[in-house]
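Have a look at the structure below before the remarks.
Not measured: the values here are computed from a predicted model. By convention here, the first residue in the shown sequence is residue 1.
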Amino acid sequence: VVTMGLMSLPTMMKKGYSPAMATGTICATGTLGQIIPPSIALVLLGDILSTAYQQAQLRMGNFTPDTVSIGDLFIGAIIPGLVLVVLYIVYIYGFAILNPDKAPPEPAGDRPSILQLLTPLLPPILLIVAVLGSIISGAATPTEAAGVGALGATLLAIFKRELTYARLKEVMRSTTEITAMVFMILIGAAIFSLVFRGFGGEELVTSLLAQIPGGVFGAMLVVMAVIFVLGFILDFIEITFVVVPIVGPALLAMGVDPVWLGIMIAINLQTSFLTPPFGFALFYLRGVAPPEVKTADIYKG
């Protein structure tokens, strides 16, 4: 969202797009990374859901070492992700047809060719295919696939003659900062879950969900509503590490498929992050949008 806000928003405003149309498109498409592989959210969800699944099996008295495959989550996310993309395209196309003054067409002489569009996109697409392909085919674990992605990105930088000491130092620093942040949240969430479970909170949640009218459907509906609201104020990492370990074992013990649960949570968060008035993506974009773009325009979009 931040990157697209810096790169695309000034151009769209310059071309005459309405602020609501421009900002709405960036927020909606920028959050698709929550659901479309290779999604970091799905990788983290797979790890947490694996633990929750084993806890659910233990609760039912039939322990299994099975885990939730990241590859299965990626495969399961492809169709919902593509459906969202198609719906966005249809809406934007229809909006542009009905409101040419708010989404003016590019003059025929200024339109780039298909080759000009594909040339800069081809290297990152090949990189994504290499990472995804290695996970889905089972040739690599998510951690090993990250190594494939890092190697591919390094080769691309070398090929484009952009691999400098300063850039390498910047990449290593940002990687270390993000990793440290995630692990600090993971440590805090693990301590919280341990204390929560020690005081009987897990049994309380299980009992509460079991008493909700509607059975599995009712319990799932309540959990999705809670996660949707939490998505306004918490990042997906906090929700994944703190909330999912609490509700996950209870839902899985009720017979919910772990892959389906992971995809539902990812889509839920993708929507929650761009829903006014507290959507995460809206504030990310607000931070980089030019002053003439009002917050009300972002909400409308």
Side-chain angles (χ1 to χ4, degrees), residues 31-60 62-86 118 121-159 171-172 175-176 178-179 182-183 185-186 189-190 220 227 236-237 239-241 243-245 247-249 251-270:
T31 51
L32 283 171
Q34 297 296 324
I35 181 69
I36 294 180
S39 163
I40 298 174
L42 291 178
V43 173
L44 297 179
L45 269 171
D47 187 48
I48 298 300
L49 285 172
S50 292
T51 304
Y53 183 62
Q54 292 172 351
Q55 290 175 358
Q57 293 297 311
L58 272 174
R59 190 177 298 173
M60 294 185 292
N62 53 345
F63 173 74
T64 174
D66 293 344
T67 58
V68 180
S69 166
I70 306 296
D72 288 345
L73 283 173
F74 279 1
I75 294 170
I78 289 174
I79 292 179
L82 290 178
V83 168
L84 278 175
V85 171
V86 170
L118 290 180
L121 285 175
L122 196 57
I125 288 175
L126 289 175
L127 188 61
I128 291 171
V129 169
V131 174
L132 273 183
S134 61
I135 295 176
I136 293 175
S137 66
T141 65
T143 304
E144 293 165 347
V148 173
L151 176 62
T154 305
L155 292 175
L156 283 177
I158 294 172
F159 180 74
V171 169
M172 293 177 70
T175 301
T176 304
I178 294 171
T179 305
V182 171
F183 270 92
I185 294 172
L186 178 58
M220 190 73 180
I227 290 177
F236 77 89
I237 297 175
I239 292 174
T240 300
F241 286 153
V243 179
V244 176
V247 299
L251 289 174
L252 295 174
M254 296 172 74
V256 175
D257 182 83
V259 174
W260 185 73
L261 177 60
I263 301 302
M264 286 290 291
I265 292 173
I267 294 178
N268 192 343
L269 292 177
Q270 190 271 339

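The shortest distance between side-chain heavy atoms of Asp257 and Leu261 does not fall below 4.5 Å. The side-chain heavy atoms of Ile265 and Phe236, taken from C-beta on, include no pair separated by under 4.5 Å. Residues Leu127 and Val148 form no side-chain contact, since every pair of their non-hydrogen atoms from C-beta on lies 4.5 Å or further apart. Looking at Pro245 and Thr51, their side chains never come closer than 4.5 Å, going by heavy atoms from C-beta outward. Residues Val68 and Ile48 fail the side-chain proximity criterion, which asks for heavy atoms closer than 4.5 Å. Annotation: side chain of Thr141 is not in contact with side chain of Ile135 (no heavy-atom distance under 4.5 Å). Side-chain atoms of Trp260 and Met220, non-hydrogen and from C-beta on, do get closer than 4.5 Å to each other.
Of all non-hydrogen atoms in Leu73 and Gly46, the two that sit nearest each other are CD1-CA, 3.4 Å. Heavy-atom minimum distance, Ala52 versus Leu252: C-CD1, 3.7 Å. Listed here is the closest heavy atom pair of Pro37 and Ile78: CG-CG1, 4.2 Å. Among all heavy-atom pairs drawn from Ile263 and Gly76, the shortest one is CD1-C, 3.8 Å.
The side-chain hydrogen bond (donor to acceptor under 3.5 Å, both in side chains) search around Gln34 returns none, not counting sequence neighbours. By the side-chain contact (heavy atoms from CB on, under 4.5 Å) test, Pro124 pairs with no residue at all, sequence neighbours left out.
No donor-acceptor pair under 3.5 Å is formed between the side chain of Thr240 and the backbone N or O of Leu45. A donor-acceptor contact shorter than 3.5 Å links the side chain of Ser39 to the backbone of Gly33.
Screening Leu49, Leu186, Ile237, Ile70 for a side chain to side chain contact (heavy atoms under 4.5 Å, CB included) involving Leu44 leaves a single residue, Ile237. When each of Leu156, Ile128, Leu155 is tested with Pro123 by the rule side chain to side chain contact (heavy atoms under 4.5 Å, CB included), just one qualifies, namely Leu156.
Between Ile227 atom CD1 and Asn268 atom CG the span is 6.0 Å, to the nearest 0.5 Å. The distance from atom CD of Gln270 to atom CD1 of Ile35, rounded to the nearest 0.5 Å, is 7.5 Å. Within the model, atoms CG of Leu132 and CD1 of Ile125 stand 12.0 Å from one another, a figure rounded to the nearest 0.5 Å.
Heavy atoms from other residues, nucleotides or ligands lying under 6.0 Å from CG of Leu121 number more than 12.
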task: Run the numbers on Val85 and Ile36 for side-chain contact (heavy atoms from CB on, under 4.5 Å), then give the verdict.
output: CA-CA 10 Å; Val85 171; Ile36 294 180; 3.7 Å; yes

